[in-house]
Amino acid sequence: MLTWSVRASAALAYAAMAVVVLWTAGLPGGAAPYGGGPVTAVWVAGGLLWLRVVALWVWWSDEEYSWVSGLAARRRTVSLLKAVRPGRLRARDRSRRKYRSRSPFDFGSRWWVYVRQSAVWLLLPFACAALAGFAQANESETVRSVVRAGAAVSVATVVEAHDVVENTSEGSTIGYFSKLTLALPGGGTVRAEGAYTPREPEPDDKVEVLWAPSAPELGGRVHYEIKMSRYLDREWGLTRADLPALAIGMVLVLAFVVTLGCAAEEDGLDDVAWRPVAQTVHAVVVSGVLLAALPYLAGTATGREGATALLYLGSLALLFLYIGMYLRTLLD
């Protein structure tokens, strides 16, 4: 029963994770337009992941350290084989027994081991692409409000500029932050807090502004380094902007993860999949990445540099997680 609990929770966790990854990989690059769907999938995936870890620990404790009959067996194992850790020996014995059968219907067979690994390998590049997409997003409360109200992009005229601040890098000015009052083409004005322009804004300058015709009081978004039309695309689907991150993820996964995974023996791969400590580390890393991405899925992220760096680190953490697990298997 415990064995099937571990397997079922792993399969369901993977399915929920696939929903999260594939859904978010196709989200547009601006403010996240979707609400409960991806967020719910994240919590379901995380819950199932930890359910599997708990089931693994219970399974391991029941087989290795049973309170009733395991104490005597453990003492005998330790006294006869002092140089070998009992848990590892038992895991290896289980692996050898399972691998006597090579039937594709045996969950411990080589076929099933590599099917499971391949499923993870296929998902990793899309996970990296999804995280990179979030990291490139430049969201703010203004953008989220404007998008929800029905955004439009217009070329507006600067009426007034306030609180102009230089943005410098290595002693040179690369742009200006300011508060702008903008005249719209069809009449009326809109204010843009935190506007970013390549040169110091002056009256009669032309800037591209994102705003909501139905609610101009929400303000506008001006940033010369970002094409404002990106926020108008609210349809799901992979775009040319997603392909570079996806391609880089595929190259990294093929070069390191798949190579090491194929080099590891299938009994070692199956063994590490049933080790509670290894799978607890796996759950901690994946949960951390999910929590870092959650504000972007919920539409509450602000696009701060710290959060962006955290998402890039999340992509590397996923890659290093599997690289480390496979190296551990090869060195064992």
Can you tell me how far the [atom1] atom of [X] sits from the [atom2] atom of [Y], to the nearest 0.5 Å?
{"X": "L252", "Y": "L316", "atom1": "CG", "atom2": "CG", "answer": "8.0 Å"}
{"X": "R116", "Y": "L269", "atom1": "CZ", "atom2": "CG", "answer": "9.0 Å"}
{"X": "R328", "Y": "L260", "atom1": "CZ", "atom2": "CG", "answer": "14.5 Å"}
{"X": "E193", "Y": "R221", "atom1": "CD", "atom2": "CZ", "answer": "12.0 Å"}
{"X": "R275", "Y": "M325", "atom1": "CZ", "atom2": "CE", "answer": "10.0 Å"}
{"X": "L122", "Y": "Q117", "atom1": "CG", "atom2": "CD", "answer": "11.5 Å"}

What is the ring orientation for W121 with Y114, classed by angle as parallel under 30°, tilted 30 to 60°, or perpendicular over 60°?
->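 Geometry flag for Y114 against W121: tilted rings.
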Does W57 reach the side chain of T280, with side-chain heavy atoms less than 4.5 Å apart?
-> yes
D204: partners by side-chain hydrogen bond (donor to acceptor under 3.5 Å, both in side chains), with sequence neighbours left out | none
Contacts of E208 that satisfy side-chain hydrogen bond (donor to acceptor under 3.5 Å, both in side chains) - sequence neighbours left out =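 Not a single residue meets the side-chain hydrogen bond (donor to acceptor under 3.5 Å, both in side chains) criterion with E208.
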Mind running side chain to side chain contact (heavy atoms under 4.5 Å, CB included) on I323 and V257 for me, showing each step along the way?
-> CA-CA 6 Å; I323 290 172; V257 179; 4.1 Å; yes
Work out which heavy atom in [X] is nearest to a heavy atom in [Y]; give both atom names and the distance.
{"X": "L184", "Y": "A156", "answer": "CD2-CB, 4.3 Å"}
{"X": "L49", "Y": "S287", "answer": "CD2-OG, 4.2 Å"}
{"X": "A119", "Y": "Y14", "answer": "O-OH, 2.7 Å"}
{"X": "L218", "Y": "S145", "answer": "CD1-O, 3.7 Å"}
{"X": "V190", "Y": "G219", "answer": "CG2-C, 3.5 Å"}
{"X": "K206", "Y": "V155", "answer": "CB-CG1, 4.0 Å"}

Going through the distances and angles, do F126 and V20 end up as a side chain to side chain contact (heavy atoms under 4.5 Å, CB included)?
-> CA-CA 10 Å; F126 288 96; V20 174; over 6 Å; no
Crowded around F320 CZ? As in, over 12 foreign heavy atoms under 6.0 Å?
-> no
In terms of hydrophobic clustering (I, L, V, M, F, W, Y; side-chain heavy atoms under 4.5 Å; direct or indirect links), are L254 and L318 co-clustered?
->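 Linked within one cluster.
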Single-linkage hydrophobic cluster V207~V146, side-chain heavy atoms < 4.5 angstrom =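 Hydrophobic grouping puts V207 apart from V146.
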Hey, could you give me each pair passing salt bridge (Lys or Arg N to Asp or Glu O under 4.0 Å) that has a residue in residues 39-50? Not counting sequence neighbours.
->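 Not a single pair qualifies under salt bridge (Lys or Arg N to Asp or Glu O under 4.0 Å).
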T189 side chain vs T181 backbone, donor-acceptor pair below 3.5 Å |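 Looks like no, no N/O pair under 3.5 Å.
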Do W59 and S5 get their side chains close enough for a donor-acceptor pair, meaning under 3.5 Å?
->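 The criterion, which ignores hydrogens and geometry beyond distance, is not satisfied for S5 and W59.
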Evaluation steps, side chain to side chain contact (heavy atoms under 4.5 Å, CB included), between L182 and W211 = CA-CA 11 Å; L182 304 172; W211 66 294; over 6 Å; no
Give the intermediate values and the outcome of side chain to side chain contact (heavy atoms under 4.5 Å, CB included) for residues Q279 and W274.
-> CA-CA 7 Å; Q279 296 309 308; W274 288 86; over 6 Å; no
